[in-house]
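Because only heavy atoms are used, hydrogens play no part in the values below, and waters and symmetry mates are left out as well, while side chains stay in.
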Amino acid sequence: MMLQFLAALSAAIAIGAGAFGAHALTGKEADWLRTGGFYQLIHAVAVLALARQASPAASWMLLGGATLFAATLYAMALGAPRVLGAVTPVGGALMIAGWLLLAWKLR
């Protein structure tokens with residue numbers, strides 16, 4: 001249940017970030033919020049759909065990777081140092097690893 005709760009919370013945050021980016025920011029910062037929200041929302045929905053059926057480990061990787069990916073973009077959009085962008089690919093790598101683990105479990 002905790003995984004599903006966190007996925008639902010993640011989806012809510014993604015929608016809020018996207019809305020904030022669409023209405024309160026412009027330029028690169030708005031794009032970062034839009035990109036982060038998009039990836040976070042897709043992975044939250046995927047985790048909700050797959051958490052019980054396939055691989056909890058893959059679900060945690062998807063959720064953790066999407067959270068890390070989106071959080072670094074959100075932080076930079078809100079003024080954090082751009083060097084934080086070096087962490088963003090770690091979240092992307094975790095998402096890729098989660099999907100690969102899921103594929104392995106479903107083979």
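With contacts defined as side-chain heavy-atom distances shorter than 4.5 Å, the pair H43/Y39 qualifies. The shortest distance between side-chain heavy atoms of I13 and Y74 falls below 4.5 Å. Counting only heavy atoms from C-beta outward, the side chains of F20 and L78 approach each other to under 4.5 Å. Contact of the L6 side chain with the W60 side chain is registered, since non-hydrogen atoms from C-beta on lie closer than 4.5 Å.
Residues P89 and G85 approach most closely at CD-O, 3.2 Å, considering heavy atoms. For L101 against M61, the heavy-atom pair with the smallest separation is CD2-SD, 3.8 Å. Residues G36 and A70 share a closest heavy-atom pair of O-CB, 3.5 Å. Residues L25 and A77 share a closest heavy-atom pair of CD1-O, 4.1 Å. Nearest heavy atoms, G37 versus A14: O-CB, 3.5 Å. In plain terms, the two heavy atoms of A58 and G98 that are nearest each other are CB-O, 3.5 Å.
One distance of note links CE of M95 with OG1 of T67; it measures 9.5 Å at 0.5 Å rounding. Remark: L73 CG to E29 CD distance equals 11.5 Å, nearest 0.5 Å. Within the model, atoms OG of S10 and CD of Q4 stand 13.0 Å from one another, a figure rounded to the nearest 0.5 Å. The CD atom of Q40 sits 10.5 Å away from atom CG of L33, with the distance rounded to the nearest 0.5 Å. For the atom pair L62 CG and I42 CD1, the distance stands at 11.5 Å (nearest 0.5 Å).
Linking ILVMFWY side-chain heavy atoms closer than 4.5 Å, directly or via other members, places L41 and L9 in two distinct hydrophobic clusters. There is no path of hydrophobic side-chain contacts, each under 4.5 Å, that joins L3 to F69. In this structure, V45 is not a member of the same hydrophobic cluster as M2, with clusters built from ILVMFWY side-chain heavy atoms closer than 4.5 Å. Residues L48 and W99 fall into different hydrophobic clusters, defined by Ile, Leu, Val, Met, Phe, Trp and Tyr side chains chained together at heavy-atom separations under 4.5 Å. A single hydrophobic cluster is not seen to contain both L102 and L100; linkage of ILVMFWY side chains at heavy-atom distances under 4.5 Å, directly or through other members, places them apart.
Checked by atom type and distance alone, the side chain of T35 never pairs as donor or acceptor with a backbone atom of W32 at under 3.5 Å.
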Please evaluate residues D31 and R34 with respect to the criterion salt bridge (Lys or Arg N to Asp or Glu O under 4.0 Å), reporting the C-alpha separation (whole Å), side-chain torsions for both, the decisive distance (0.1 Å), and the verdict. CA-CA 5 Å; D31 290 340; R34 202 172 5 260; 2.6 Å; yes
